[in-house]
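Data first, discussion second: the structure below is written as structure tokens.
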Amino acid sequence: MGTDRSFQRPKGTRDFLPDAMAVRRHIECAWRDAAIRHGFEEIDGPTFEHLDLYTVKSGDGIVSELFSFQRSGGDVDYALRPEFTPTLARMAAAQGRSLATPTKWFAIPDLFRAERPQRGRLREHRQWNVDCLGLPGHDGDAEVIAVAVTALRQLGLTSSDVRVRINHRGTAAALLSALGVPATAMDAAFTLVDKRAKMPSEAFAKEAASLGLDAAAVERLDAMASCRLPGEQSPVKLATDNGLPEEALEALAGLSEALERRGLLSWCDWDPGIVRGLAYYTGTVWEIHDLAGAERAVAGGGRYDKLVSLFGGPEVPACGFGMGDVVLGLLLEDKGLLDESVTGGPRPDVFIASSGSDEAEDRLIPLATALRDSGLHVRHTHKATRNIGKQLREASGCRARFVLILGDELSQGQVVLKDLDGGTQQELPLADVHIVLRRTGG
Ligand code: HAM
């Protein structure tokens with residue numbers, strides 16, 4: 001029985017047609033490759049968890065965006081995972097004392113947040129997570145920042161396109177308390193500063209007043225949040241320039257050295273406006289933004305030294321980040337880095353064209369099968385036409401590297417191999433096709 005209902009996909013979700021899927025694979029390939037090159041191992045966990053895994057320490061922002069549910073007839077509360085860090089901390093805690101030092105893990109989960117869908121924000125996204133447990137000090141922070149930069153570089157972005165904006169929760173607390181925020185209101189102040197860019201000034205000033213900031217302090221906070229300093233300069237200069245206690249920025253001085261050793265300072269800025277919305281961060285916090293700040297953050301992360309022990313595991317220093325595919329995709333598109341070589345997906349090694357003779361038709365499918373069995377990506381037309389010109393057009397339309405023509409020469413056991421990139425062609429024995437295609441990198 002038919003139905004006259006038509007279905008739309010749920011708000012804030014995506015369908016991946018082949019070109020969008022090719023972009024997704026391209027991004028994921030760069031992510032996986034960068035993480036593996038830096039010695040991280042891939043993990044994953046369940047798509048849904050017990051609800052309270054998120055209510056313990058992720059912060060109100062994420063909790064208010066949960067997709068939570070009970071199974072029909074059940075009474076246990078679950079939630080679709082809105083982020084991966086609690087799952088990772090739970091998995092690490094379960095290892096107990098056998099957790100390797102350091103533990104370097106990465107994952108590429110699908111995440112679900114009931115946000116109001118808008119540019120750069122969806123209800124389902126993929127997020128690359130790279131986390132390092134067991135490395136104290138600044139080496140862990142610099143290590144994960146290096147992985148993020150490797151991937152961005154591989155995707156074609158430069159330090160003129162994106163910036164790693166770094167701060168420290170201790171620094172932020174010192175600055176906020178110098179402005180008059182009491183210790184008891186610090187978490188709320190972090191949340192407010194994190195939302196600053198998305199709020200009208202009056203609303204920000206009103207909420208800031210309720211945390212103990214007067215009009216002059218709000219003004220100073222705003223000024224500080226916009227006084228970014230290039231990574232090559234000492235973060236302590238930021239304190240001097242703004243008449244702040246130097247100790248406030250000393251925590252970043254060690255990180256500066258660790259970043260310098262990895263040649264990363266030219267990608268970084270010291271930015272007192274970065275505090276991050278999630279409640280579990282304990283030290284360094286950072287985000288990656290496009291240079292103009294036109295999009296939302298491409299990535300965000302930081303140090304969360306207390307989370308694994310909060311979940312019943314050993315005390316381990318931990319840091320990491322999440323990079324989402326939505327903002328990154330927008331950025332790559334804006335920069336012209338998603339041309340047909342990406343959206344077209346994998347190129348066929350060879351397209352087999354048939355003249356339509358009985359012999360060519362007999363050879364076509366067995367030859368395609370044998371070449372595929374040898375590992376090549378092989379296509380041929382599914383149309384009725386055997387016009388060679390039309391088949392050649394179809395071959396270049398799908399970006400095949402070579403066309404193999406089963407033509408009149410077949411009666412002498414010969415075929416024509418046309419190199420669509422180089423424009424050359426050669427006649428060769430059918431039996432040699434495998435060898436030649438493999439030798440040419442097909
Ligand atoms: P987050 O800042 O919530 O951090 O997310 C990281 C990145 O994921 C964001 O910068 C953004 O690119 C992307 N993202 C987040 N929400 C959405 C959404 N609704 N739609 C599209 N993209 C989104 C975390 O999730 C931390 N757990 C990251 C982390 C790992 N910290 C330490 N380790």
Side-chain angles (χ1 to χ4, degrees), residues 10-14 24 27 31 35 40 43 45 49 53-54 57-67 80-92 103-133 135 140-141 143-145 147-148 151-152 162-165 169 190-191 194-195 197-198 274-290 293 295-308 316-332:
K11 236 198 261 170
T13 62
R14 291 171 289 177
R24 176 166 138 186
I27 290 175
W31 285 348
F40 286 73
I43 57 163
E49 293 270 10
L53 189 77
Y54 305 112
K57 201 61 190 171
S58 289
D60 295 344
I62 273 211
V63 169
S64 67
E65 291 165 351
L66 286 175
F67 280 105
L80 291 180
R81 58 186 178 191
E83 57 158 337
F84 190 68
T85 314
T87 296
L88 178 136
R90 177 181 62 67
M91 287 165 72
T103 291
K104 294 167 72 174
W105 282 344
F106 79 96
I108 307 182
D110 258 325
L111 303 180
F112 308 87
R113 297 185 189 182
E115 300 206 44
R116 192 170 57 80
Q118 52 198 292
R119 186 175 164 89
R121 279 290 175 276
L122 297 176
R123 292 190 167 167
E124 180 179 12
H125 75 283
R126 273 176 113 69
Q127 193 191 87
W128 180 37
N129 279 250
V130 176
D131 292 89
C132 180
L133 292 86
L135 271 194
D141 298 304
E143 186 104 352
V144 293
I145 292 173
V147 188
L152 296 175
V162 286
R163 308 293 304 163
V164 185
R165 289 160 50 181
R169 277 268 171 115
F190 286 157
T191 308
D194 185 59
K195 291 192 300 193
K198 298 164 224 153
I274 299 290
V275 289
R276 308 273 299 131
L278 293 156
Y280 45 68
Y281 292 118
T282 52
T284 309
V285 276
W286 54 278
E287 288 180 356
I288 301 182
H289 288 260
D290 61 298
E295 305 286 357
R296 286 151 173 277
V298 180
R303 181 160 282 284
Y304 50 98
D305 287 345
K306 305 260 187 295
L307 199 58
V308 177
V316 270
C319 61
F321 70 88
M323 182 182 292
D325 68 336
V326 181
V327 184
L328 182 56
L330 290 171
L331 205 62
L332 294 176

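Order of appearance sets the numbers: ligands from 1, and atoms from 1 within every ligand.
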Option whose closest heavy atom lies nearest to [atom], chosen from [options]:
| atom | options | result |
| --- | --- | --- |
| atom 4 (O) of ligand 1 | R116, Q127, R276 | R276 |
| atom 18 (C) of ligand 1 | R121, E295, R303, E124 | R121 |
| atom 13 (C) of ligand 1 | E83, H125, R296 | H125 |
| atom 19 (N) of ligand 1 | E65, E115, R113, M323 | E115 |
| atom 30 (C) of ligand 1 | T85, V144, T87 | T85 |

* Protein heavy atom at shortest distance from atom 9 (C) of ligand 1 -> A297 O, 3.9 Å
Is [X] close enough to touch ligand 1? Criterion: a residue heavy atom under 4.0 Å from a ligand atom.
| X | result |
| --- | --- |
| R123 | no |
| P82 | no |
| Y280 | yes |
| Y281 | yes |

* Check whether the side chains of Y280 and T85 place a donor and an acceptor atom closer than 3.5 Å, and report yes or no. => yes
* Taking only residues two or more places apart in sequence or in another chain, which ones pass salt bridge (Lys or Arg N to Asp or Glu O under 4.0 Å) with R163? -> D269
* R303 (side chain) donor-acceptor with T284 (main chain) under 3.5 angstrom -> no
* Side-chain touch R119/E295, heavy atoms, less than 4.5 angstrom ->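 R119 vs E295: side chains touch.
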* **Nearest heavy-atom neighbours spanning E124 and T13** =>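 Answer, listing the atom of E124 first, then T13: OE1-CG2, 4.2 Å.
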* Which pair of non-hydrogen atoms, one from V285 and one from I274, has the smallest distance, and what is that distance? ->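 So the minimum-distance heavy-atom pair works out to CG2-O, 3.7 Å.
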* Not counting sequence neighbours, which residues clear side chain to side chain contact (heavy atoms under 4.5 Å, CB included) with R121? List them please. => E115, Q118, R296, V327
* Asked: Side chain, backbone, both or neither: which part of Y304 has a heavy atom under 4.0 Å from ligand 1?
  ->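 Within the 4.0 Å criterion, Y304 contacts ligand 1 through side-chain atoms alone.
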